[in-house]
Number of protein chains: 2
Amino acid sequence: MTDDRRAAGTPTLEDVARAAGVSRATVSRVINGVRNVDPVIQEAVRQAVSITGYTPNRAARSLVTRRADAVALVVSGAGIEPEAAEQAEGTGASGDGSSFTAQVFADPFFGRVVTGVVNYLRPRGMHPVLMFAESSRAREEVVAYLRQGSADGALIVSTHAEDPLPALIAEAGLAAVLFARPARPVPVSYVDLAHQDGARLAAEHLLGRGCRRTATISGPLDVPAGQARLTGFRDTMARHGHPYIPVVEGQFTQESGEAAMERLLAEHPDLDGVFAANDLMALGACHVLREHGRSVPGDVAVVGFDDSSAALACRPPLTTVRQPVEGMAAEMTRLLLDRLARPDGPVTSVIFEPELVVRGSA
Amino acid sequence: MTDDRRAAGTPTLEDVARAAGVSRATVSRVINGVRNVDPVIQEAVRQAVSITGYTPNRAARSLVTRRADAVALVVSGAGIEPEAAEQAEGTGASGDGSSFTAQVFADPFFGRVVTGVVNYLRPRGMHPVLMFAESSRAREEVVAYLRQGSADGALIVSTHAEDPLPALIAEAGLAAVLFARPARPVPVSYVDLAHQDGARLAAEHLLGRGCRRTATISGPLDVPAGQARLTGFRDTMARHGHPYIPVVEGQFTQESGEAAMERLLAEHPDLDGVFAANDLMALGACHVLREHGRSVPGDVAVVGFDDSSAALACRPPLTTVRQPVEGMAAEMTRLLLDRLARPDGPVTSVIFEPELVVRGSA
DNA sequence: CTGAAAGCGCTAACAT
DNA sequence: ATGTTAGCGCTTTCAG
């Protein structure tokens, strides 16, 4: 009992080595699956590992490998407000629907991104660190976090165009991949959707079912995706003989969709089709239409965009343009891991094709 | 140019020390805000830091402090399926709505938890690592992750009762706090809601507006919260002279809410009030009611639970029992950080009171 | 194929 | 108040 069995502190490589009667180096090799280890010794080491209940210390390993084996998943917001973020503490002031994080997660979109990222990361033994970057201070923190080596790279999802984060990251020489093409070119890989094609699909569907007086509720026009969906819809309509399409700008929220629909209905009471740039707004539009006595799709056909959970929360369920968010998020993750493995690899972009999902609303 | 300015590798404490003409220790003190440092030197060090562009290396620091300054946020699933998780890779197979992660984030509840956790953590310079633990293998990984010191503790949100994770964590002597009381007692702190009180509020409201033939769509009965909400509703009704209340069990999903409402309507066509154990099910119920020509709240009053985003996605907006999820999540986080600061502190629980939110559906 | 030894960058006694 | 000195636990040349 007086032997050197040290304090119960978690066992280290040293302990395992002693138990197995080999050197630390050998244990390390076995654990990391490096070849050139005598099978007999390998077995002995494994025994020792399970007897001692050894678990490698991540910090020690990271210190020498210079890899954190973690990636940051950052939701990056507007670039405007300088220091707006300092949300009141946690406990009391929560539930505050106006906080950036709360707003972000109110949109089913982000849950899908998380799903895709996690599904790709997990089989590889990695997990995302969730960060938000809606103020310049928060952005600095993200950069610092990466520079500290707390994460090997970043998956960035911007909610607004002109997001300065991608550029900051690129300048700092840090690894990152974006969800959606940045407003101004930055040497960083990204995944994106062929938004215009999606909008074209919606337009053609509306046209195909006979709508002749369609309008659209666009997304925020300072967001590339919002812009592209509008352009795609307008262009297609124009090409089919409808050069003028009423449009009201929304903010991708249900509420803004309701407001937009009210205006559209007031100004164009005879419309027979609506394309909303996302499902949340389409849902809002449906509510307003019904309140005004218009049946969907009988009087007015409605097409959404995204195929998010909101599409099924709607009655009738929304006909919508599917954006394969989970797949895109997984691909984004794959690109990042690739980049980490080959830092000099090329900057690439992967564009996904949308798909029309026909349900009840149009 | 032949001096020892080493390769451009990120600067270390050593570099800063040299630049400032002091020792590593002093720089460390300044950086960590340890007092007893000459103001003049402090300034010099700060200069040197910004000149060199120094950022402390997290791994090195963690190695000696034995703190990761990170916490895991783990969503823990059923305890049944042994090895069910191995989801197909990322890229292709995604969008698979049946994956655990996808299901989890389809519920607005989790976004709110994330919001609360992040809001509390951020001002403290910490970020959550997102993990899922729906299989025994995944649970092992979570335990290993914590034992490795990759995170200092875990915030656990179980989707099912009988979740073995809390016990595993406790046995391993790891720090954790739970969202919701575990089915079987485990020496771990938790936050929870007074579910029965919430259900009582719902019952009284229905009674107050004159409903005499109410039914309820319960949550899964193997979940304590599901059980408690049912009990609370039934007891209150019984106390007011309604000893028999029709109940159909749901699964907290919109779909199950629809199915349950169909059954209820078939068996009790004359009902005038429904209490659904969460908003998603209430939303489904409203849809079905309308399809059957029943107006809400005119013919049938509907009360939900949670006050999630689904409550506002419904027309009319749902009268519901508010569960302050963000605040609860923040408190859970506070408890964990407390525990980390004082490992011998007592195991505690904090129970939040629900609140009735009256909107259009009842 | 295995062991010895040298750090990775930082903090924390312990001197001074 | 500052500097010196040990390591934290691990991987990785480099010898053998």
Side-chain angles (χ1 to χ4, degrees), chain A residues 4 6-46 48-49 52-69 144-150 152, chain B residues 4 6-46 48-49 52-69 144-150 152:
Chain A
D4 63 1
R6 297 302 165 73
T10 33
T12 73
L13 260 197
E14 185 70 47
D15 300 320
V16 179
R18 204 173 330 167
V22 297
S23 72
R24 287 208 309 269
T26 299
V27 178
S28 175
R29 289 183 186 111
V30 172
I31 288 177
N32 294 295
V34 176
R35 55 176 189 293
N36 293 349
V37 185
D38 186 310
V40 180
I41 293 192
Q42 278 195 39
E43 191 42 38
V45 170
R46 280 188 225 295
V49 166
T52 55
Y54 171 75
T55 314
N57 176 302
R58 186 79 85 102
R61 179 178 287 182
S62 286
L63 184 54
V64 37
T65 61
R66 306 179 151 291
R67 302 260 280 116
D69 279 318
Y145 192 82
L146 292 167
R147 296 219 323 145
Q148 282 180 145
S150 302
D152 301 321
Chain B
D4 63 2
R6 299 302 166 75
T10 33
T12 73
L13 258 196
E14 185 69 47
D15 300 319
V16 179
R18 204 172 333 164
V22 297
S23 71
R24 288 209 309 270
T26 300
V27 178
S28 175
R29 288 184 186 110
V30 172
I31 288 178
N32 294 296
V34 177
R35 56 173 187 294
N36 292 348
V37 187
D38 185 308
V40 179
I41 293 193
Q42 278 196 37
E43 192 41 37
V45 170
R46 282 188 223 296
V49 166
T52 55
Y54 171 75
T55 315
N57 176 303
R58 185 79 84 102
R61 180 180 287 179
S62 285
L63 184 54
V64 38
T65 60
R66 308 179 150 291
R67 303 257 282 111
D69 280 320
Y145 192 82
L146 292 167
R147 296 219 321 146
Q148 281 180 145
S150 301
D152 300 321

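Naming: A, B, ... by sequence-line order, numbering from 1 per chain.
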Check: Can you name the side chain to side chain donor-acceptor pair (under 3.5 Å) partners of Thr52(A), sequence neighbours left out?
Finding: none
Margin query: Which residues pass the side chain to side chain donor-acceptor pair (under 3.5 Å) test with Arg66(A), not counting sequence neighbours?
Written below: none
Item checked: Residues forming a side chain to side chain contact (heavy atoms under 4.5 Å, CB included) with Ala20(B), sequence neighbours excluded -> Val22(B), Val45(B), Ala48(B)
Item checked: Results of side chain to side chain donor-acceptor pair (under 3.5 Å) for Asp69(B) - residues two or more places apart only -> none
Note to self: Would you compute the distance between atom CG of Asn57(B) and atom CG of Leu63(A) and round it to the nearest 0.5 angstrom?
What the structure shows: 6.0 Å
Notebook entry, point to check: Which two nucleotides bound the region of DNA chain C that has atoms under 4.0 Å from heavy atoms of chain B, read 5' to 3'?
Noted result: dG9(C) to dA13(C)
Next item on the list: Report the residues that fulfil salt bridge (charged side-chain N to carboxylate O under 4.0 Å, His left out) with Arg29(A), sequence neighbours left out, ordered by chain and then residue number.
Entry: none
Note to self: The criterion is side chain to side chain contact (heavy atoms under 4.5 Å, CB included); which residues satisfy it with Ser150(B), sequence neighbours excluded?
What the structure shows: Arg58(A), Tyr145(B), Gln148(B)
Item checked: Angle by which the axis turns from one end of the helix from dC1(C)-dG16(D) to dT16(C)-dA1(D) to the other, five pairs per end, to 10 degrees -> 40°
Notebook entry, point to check: Looking at residues at least two apart in the chain, or sitting in another chain, which of them share a salt bridge (charged side-chain N to carboxylate O under 4.0 Å, His left out) with Glu43(B)?
Noted result: none
Checklist line | Listed partners of Thr65(B) passing side chain to side chain donor-acceptor pair (under 3.5 Å), at least two apart | finding: none
Next item on the list: Pick out which of Thr10(B), Ile31(B), Asp15(B) makes a side-chain contact (heavy atoms from CB on, under 4.5 Å) with Tyr54(B).
Entry: Ile31(B)
Note to self: So if I define the base as every atom that isn't primed, P, OP1 or OP2, how would nucleotides 8-16 of chain D read as a B/S/- string at a heavy-atom cutoff under 4.0 Å?
What the structure shows: BBBBBB---
